[in-house]
Student: 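One structure is given below, represented as structure tokens, and several questions about it will come after.
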Number of protein chains: 2
Amino acid sequence: MAKLLETPTPPRPSTSIQDYLKRIYELTENGQPASTNDLARELNVKPASVTGMIQKLAAEKPALVAYQKHQGVTLTPAGKTAALEVIRHHRLLETWLVQTLGYSWDEVHEEAERLEHVISEDFENRIAAALGHPLRDPHGELIPTADLTMPLDESIPLSALRKDQSGKILCVKAPDSGLLRHLTQLGLTPNTFIEVTDYSPYDHNLTVKVKDKTHVLGLNITSKILIEGK
Amino acid sequence: MAKLLETPTPPRPSTSIQDYLKRIYELTENGQPASTNDLARELNVKPASVTGMIQKLAAEKPALVAYQKHQGVTLTPAGKTAALEVIRHHRLLETWLVQTLGYSWDEVHEEAERLEHVISEDFENRIAAALGHPLRDPHGELIPTADLTMPLDESIPLSALRKDQSGKILCVKAPDSGLLRHLTQLGLTPNTFIEVTDYSPYDHNLTVKVKDKTHVLGLNITSKILIEGK
DNA sequence: AAAATAATTTAGTCATGGCTAAATTATTAG
DNA sequence: CTAATAATTTAGCCATGACTAAATTATTTT
Ligand SMILES: [Mn+2]
Ligand SMILES: [Mn+2]
Ligand SMILES: [Mn+2]
Ligand SMILES: [Mn+2]
């Protein structure tokens, strides 16, 4: 109970900075730097504001982002750690809200978006333990570990499957709750088994069988559903 | 499920304003206006900053506080409602942290102090329902009702009891967690039965019997323990 | 290779909510 | 009643993180 050798916890970045770092993490997961415009769109902020913030983050010591004018922005190791901290909070909170307060997966995002910045490390540890240290959140997104590393993602997009291939849905990357509710209707939720029965090379539509129902899905949907790698 | 006739929820006051209103509520519970200095101390802010904020709150339309120079400040009805909203959040959160995450009553305050500003009304409703719409928080403080009225407080301070009087502890108003832990040691927690076996008129010490143990308590403690009114 | 368009950055502004130092007003003591 | 002290307010400043408008740089088209 007594706290010996208490590390003088460094102050947490501001809410705004945490949100910037999180978005930069997400936008750079594909290996490409994040553009000013993309960040502005994701953060609901004007491009000029993004430039200002990026310059500040690059000037911090240690720098949180690497940046050269007109070249987009990437996270430094320090920035990545800070981003993973926020993402861990966010995904644990979403899981917690669904498990203990009966939120549905299309309702949790906004709540977590605000709570993620104010919970203590103690709170984080308590919900992680209470949930049994879950690996994925309600959408199937991987939860960064307590030591702030992101587990290896072994999933492949449904859009990469072809006729007669099948697998378990691991994750649904839906940007808005409307799509999430639609997918719930279709039964396309994590841990569900799915089978591709047809593929149309012209429009990339996939015909899939889920729970005895058949649906024809466009690329806009199939690219956002991730299947367990074989 | 469909939200008809959605009221265009007025934007919530800033975190700072919420904290000011809450402290003003607490400091004026005795009927007296709150002084600039007292507010500054409670809010960990300089008196000059308090004056600035108070003037802003008095200028809002509708005004949240009533204020005349050098006379201290009180809440208007609008300010009181806003204060009760924050207090309801705070006390429901403390209750919820204790009930569902195993926090002890001396650990919850700081966490609730930050969460109270960011939870949604939906979140508030969900935890209130999950807890069975509790009347009091872990310290025994009354929780404002959902329609934002404060229930009538029928308690009397332990310091008002005399030899051979007794009652149940309703509430412990302890400012710091050190005192809370001390009281836990002594068994002086809400819902505990307590009996006064002696009173010293010179130093106002009370001798009390709790759970077969006897303690001599000074006014500094007895004035902070509230007993169920007879 | 220009010209047109798109993306990004700069410059200047604003709101919020702190701060210090100095001035003012109230209260208390002699 | 006056002087000292305490409380409060004013004035001016700063950091944060938005914004708009204008300038600049990159990318596409013709
Ligand atoms: Mn957020
Ligand atoms: Mn954390
Ligand atoms: Mn607070
Ligand atoms: Mn509320």
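The structure presented is a predicted model; accordingly, all values stated were derived computationally and were not measured. Only heavy atoms go into these numbers, but all of them, side chains included; no hydrogens, no water, no symmetry mates.
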Student: Indicate yes or no for a side-chain donor-acceptor contact from Thr76(B) to the backbone of Ala63(B) under 3.5 Å, with no hydrogens or angles considered.
Tutor: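 Yes: the side chain of Thr76(B) pairs with the backbone of Ala63(B).
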Student: Parallel, tilted or perpendicular: which one describes the rings of Phe123(B) and Trp96(B), with boundaries at 30° and 60°?
Tutor: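 Rings of Phe123(B) and Trp96(B): perpendicular, as their planes differ by over 60°.
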Student: Is it the case that the side chain of Ser177(B) and the backbone of Leu180(B) share a donor-acceptor pair, with hydrogens and angles ignored and the cut-off at 3.5 Å?
Tutor: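 Checking the backbone N and O of Leu180(B) against the side chain of Ser177(B), no donor-acceptor pair under 3.5 Å is found.
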Student: To the nearest angstrom, how far is Glu60(B) atom CD from dA15(C) atom P?
Tutor: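 Rounded to the whole Å, the gap is 14 Å.
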Student: Can you measure His117(B) atom NE2 to dT16(C) atom C1' for me and round it to whole angstrom units?
Tutor: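 Result: 16 Å.
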Student: Salt-bridged, Glu116(B) to Arg88(B), with N to O below 4.0 Å?
Tutor: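 Salt bridge absent between Glu116(B) and Arg88(B).
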Student: To the nearest 0.5 Å, how far apart are NZ in Lys22(A) and CG in Leu75(A)?
Tutor: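 These two atoms lie 13.0 Å from each other.
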Student: Quick one: which of Glu121(A), Gln18(A), Glu85(A) gives a side chain to side chain donor-acceptor pair (under 3.5 Å) with Arg12(A)?
Tutor: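 Exactly one candidate clears the test, Glu121(A).
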Student: Under 4.0 Å from OP1 or OP2 of dT8(C): is there any side-chain N or O of Tyr67(A) that close?
Tutor: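 For Tyr67(A), the contact criterion (side-chain N or O under 4.0 Å from OP1 or OP2 of dT8(C)) is not met.
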Student: Side chains of His109(A) and His90(A) only: does a donor on one sit below 3.5 Å from an acceptor on the other?
Tutor: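 Their side chains do contain a donor-acceptor pair, which is all the 3.5 Å distance test asks for.
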Student: Got a list of protein N/O to nucleotides 15-19 of chain D N/O distances below 3.5 Å?
Tutor:
{"unit_1": "dG17(D)", "atom_1": "OP1", "unit_2": "Ser14(A)", "atom_2": "OG", "d": "2.4"}
{"unit_1": "dG17(D)", "atom_1": "OP2", "unit_2": "Lys56(A)", "atom_2": "NZ", "d": "2.2"}
{"unit_1": "dA18(D)", "atom_1": "OP1", "unit_2": "Ser16(A)", "atom_2": "OG", "d": "2.7"}
{"unit_1": "dA18(D)", "atom_1": "OP2", "unit_2": "Tyr20(A)", "atom_2": "OH", "d": "3.3"}
{"unit_1": "dC19(D)", "atom_1": "OP2", "unit_2": "Lys46(A)", "atom_2": "N", "d": "2.9"}
{"unit_1": "dC19(D)", "atom_1": "OP2", "unit_2": "Ser49(A)", "atom_2": "OG", "d": "2.7"}

Student: Is the phosphate of dT8(D) approached by Gln71(B) (side-chain N or O, under 4.0 Å from OP1 or OP2)?
Tutor: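 For Gln71(B), the contact criterion (side-chain N or O under 4.0 Å from OP1 or OP2 of dT8(D)) is not met.
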Student: Leu43(B) has an atom CG; how far is it from atom C1' of dG18(C), in whole Å?
Tutor: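 The answer, rounded to whole Å, is 12 Å.
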Student: For residues 23-33 of chain B, which residues have at least one heavy atom under 4.0 Å from DNA chain C?
Tutor: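 Nucleic-acid contacts, sorted: none.
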Student: Just how far, in rounded Å, is C1' of dT27(C) from NZ of Lys69(B)?
Tutor: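 So the two atoms are 18 Å apart, to the nearest Å.
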Student: Under 4.0 Å between a Lys/Arg side-chain N and an Asp/Glu carboxylate O for Arg23(B) and Glu26(B)?
Tutor: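 Looking at Glu26(B) together with Arg23(B), the answer is yes, because their closest N to O distance falls below 4.0 Å.
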Student: Do the charged groups of Glu94(B) and Arg136(B) touch, with an N to O distance under 4.0 Å?
Tutor: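 No, no charged N to carboxylate O under 4.0 Å.
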Student: So does His117(B) get a backbone contact from the side chain of His89(B), meaning a donor-acceptor N/O pair under 3.5 Å?
Tutor: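 No, the answer is negative, given that no donor and acceptor are paired below the 3.5 Å cut-off.
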Student: Check the interface with nucleotides 5-7 of chain D: list each N/O to N/O pair with the protein under 3.5 Å, or write none.
Tutor:
none

Student: Around Glu60(A), counting heavy atoms of other residues, nucleotides and ligands shown, do more than 12 lie under 6.0 Å from its CD?
Tutor: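 Yes, enclosed.
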